[in-house]
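Counting starts at 1 for both ligands and their atoms, in listed order. These values consider heavy atoms only, across backbone and side chains, with no hydrogens, waters or symmetry-generated copies.
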Amino acid sequence: MIIGSYPNSRPRRNRQSAWTRNLVRENSLSVNDLIWPLFVQEGENQSSDISSMPNVKRWTIDLIVEQAAKAKELGIPAIAIFPQTPADKKTEDGYEGVNPDNLVCRTVRAIKSQVPDIGVICDVALDPYTSHGQDGLIRDGYIDNDLTIEALVNQSLMQAQAGCDILAPSDMMDGRIVSIRDMLETKKMPNVGIMAYSAKYASAFYGPFRDAVGSTNNLKGGKETYQMDPANTDEAMREVSMDIAEGADSIIVKPGMPYLDIIERVTTEFKFPTYAYQVSGEYAMIHAAAGNGWLDLEKTMMESLLAFKRAGASGIWTYFAPDVAKILNR
Ligand code: PBG
């Protein structure tokens, strides 16, 4: 513990000018910290707005390739792909999720062939594909864990074969990490990474994302039987330790800002690459307040991201990624 007393100790001395503040700064944000989630839609040369996520668009494959090139140019290390599946392709069993020619797989192939040097991350979960909007398969009114894992393993295989670099299971089924890792070993794809959403909470902050992928109207009931209770902390430690033991290369805490305590505890206890996901609702809140003139968009955005670094995160998934990169590259 550092003990100091006034007047010999005057903490303001270190804050008196920009250069002293620069010298004593403990944390910083860099372009290398950013993962940019992108939404893809069917069609050609088209984009559509997402009303609850200002400045975020769904892009058709040809245009998302341009976004990937832009990300690469800005120095963003990786992008993540989320699909808006056409309503007529959504079924009870989420079959489109394991179709090797689904929107995500076609997108990954296009990006990998045209922008080879950017990391591509794919979400592993069935919610974009199920008619009920749940992340898993339902048996007797309950999201069946092991049945769902079979589908997730197939989905992972398709995405890995399409060229995805890192699989990011966001489904919160028990044991899915080891099942996916075993599959990758068996199929001789040991270098495909797994970034596990280990501590993913049943959160109200995902609302705008569900608009973006078009699952809002499908979803009946909540996701509380698999996503975590916002009241819990110790349980997150258990989830993280299991996923690390099962073969995850890195983990995610989600949402971000309301769960900074979890990021701090995970990084302190595990010293393992840990990413914060600044989710759609956090993005929407900042934009909504800024749109009303109540907050300064740029300053709030930068402060919200620096907070994750201070809490110990290795990096951040954020829809602000290109805006932040432009500022950092200035
Ligand atoms: C789906 C998934 C969700 C998000 C990422 N993957 C939504 C959910 O679990 O309902 C949320 C992302 C965001 O809100 O930005 N498994």
Side-chain angles (χ1 to χ4, degrees), residues 34-40 50-58 78-85 90 94 96-97 102-104 121-137 143 145 148-149 151-152 155-156 159 164 166-173 176-177 180 194-230 239 251-259 275-288 301 304-305 308 316-321:
L34 305 172
I35 296 174
W36 185 20
L38 285 161
F39 298 105
V40 62
I50 301 151
S51 58
S52 50
M53 299 181 76
N55 287 350
V56 173
K57 289 182 192 301
R58 304 178 196 91
I79 55 176
I81 310 298
F82 292 97
Q84 183 198 37
T85 308
K90 297 193 186 202
E96 183 64 7
N102 69 21
L103 193 49
V104 166
I121 304 178
C122 288
D123 195 70
V124 178
L126 299 178
D127 57 306
Y129 310 106
T130 51
S131 47
H132 43 70
Q134 294 287 353
D135 293 25
L137 301 177
I143 309 298
N145 194 82
T148 299
I149 286 183
L152 297 175
Q155 181 183 27
S156 299
Q159 293 177 345
C164 166
I166 298 180
L167 299 162
S170 71
D171 54 283
M172 287 299 280
M173 296 300 122
R176 86 274 210 225
I177 301 302
I180 295 169
I194 301 179
M195 189 184 289
Y197 289 77
S198 303
K200 179 171 176 180
Y201 288 86
S203 171
F205 286 95
Y206 307 146
F209 173 95
R210 292 177 190 167
D211 293 338
V213 301
S215 66
T216 307
N217 297 333
N218 296 82
L219 188 62
K220 288 161 198 76
K223 299 190 175 184
E224 293 80 4
T225 71
Y226 45 103
Q227 297 179 349
M228 282 181 51
D229 184 337
E239 287 280 4
I251 61 122
I252 302 173
V253 173
K254 181 182 178 187
M257 195 143 74
Y259 296 83
Y275 295 81
Y277 197 139
Q278 182 181 55
V279 301
S280 57
E282 298 172 62
Y283 177 88
M285 285 197 302
I286 292 173
H287 257 291
M301 169 178 84
S304 72
L305 296 173
F308 295 120
I316 308 123
W317 292 55
T318 177
Y319 302 97
F320 285 124

>> Any heavy atom of Q227 closer to ligand 1 than 4.0 angstrom?
In response: yes

> Looking at ligand 1, does Y283 have a heavy atom less than 4.0 Å from it?
Replying inline: no

> If you count the atoms of ligand 1 from 1 in the order shown, which ones are under 4.0 Å from a heavy atom of A125?
Replying inline: 16 (N)

> Judged by atom type as modelled, is there a donor-acceptor pair below 3.5 Å linking the side chain of Q159 to the main-chain atoms of I166?
Replying inline: no

> Going by the angle between their ring planes, with limits at 30° and 60°, are Y319 and Y277 parallel, tilted or perpendicular?
Replying inline: tilted

>> Please list the nearest protein heavy atom to atom 9 (O) of ligand 1 with its residue and the distance rounded to 0.1 Å.
In response: K200 NZ, 2.7 Å

> How far is atom 14 (O) of ligand 1 from its nearest protein heavy atom, and which residue and atom name does that atom have?
Replying inline: S280 OG, 2.7 Å

>> Please list the nearest protein heavy atom to atom 11 (C) of ligand 1 with its residue and the distance rounded to 0.1 Å.
In response: K254 NZ, 2.9 Å

>> Please classify the D123 to ligand 1 contact at 4.0 Å (heavy-atom distances, strictly less than): side chain, backbone, both or neither.
In response: side chain

> Are the side chains of V56 and F39 in touch, meaning some heavy atoms are under 4.5 Å apart?
Replying inline: yes

>> Within the supplied structure, the quantity of interest is the number of heavy atoms (other residues, nucleotides, ligands) at a distance under 6.0 Å from D229 CG; does it exceed 12?
In response: yes

> How would you list, by chain and number, every residue that makes a side chain to side chain contact (heavy atoms under 4.5 Å, CB included) with S215, sequence neighbours excluded?
Replying inline: K90, R210, V213

> What atoms of ligand 1 come within less than 4.0 Å of a heavy atom belonging to K223?
Replying inline: 8 (C), 9 (O), 10 (O)

> Looking at atom 12 (C) of ligand 1, what's its closest protein heavy atom, distance included?
Replying inline: F209 CD1, 3.3 Å

> Taking the side chain from R58 and the backbone from Q84, do they hold a donor-acceptor pair closer than 3.5 Å?
Replying inline: no

> Is ligand 1 under 4.0 Å from a heavy atom in the side chain of D127, in the backbone, in both, or in neither?
Replying inline: side chain

> Side chains of S304 and E282: is there a donor and an acceptor less than 3.5 Å apart?
Replying inline: no

> Where's the contact between Y319 and ligand 1, heavy-atom distance under 4.0 Å: side chain, backbone, both or neither?
Replying inline: side chain

> Residues in side chain to side chain donor-acceptor pair (under 3.5 Å) with D135, at least two apart?
Replying inline: K223

> How far is atom 16 (N) of ligand 1 from its nearest protein heavy atom, and which residue and atom name does that atom have?
Replying inline: S170 OG, 2.7 Å

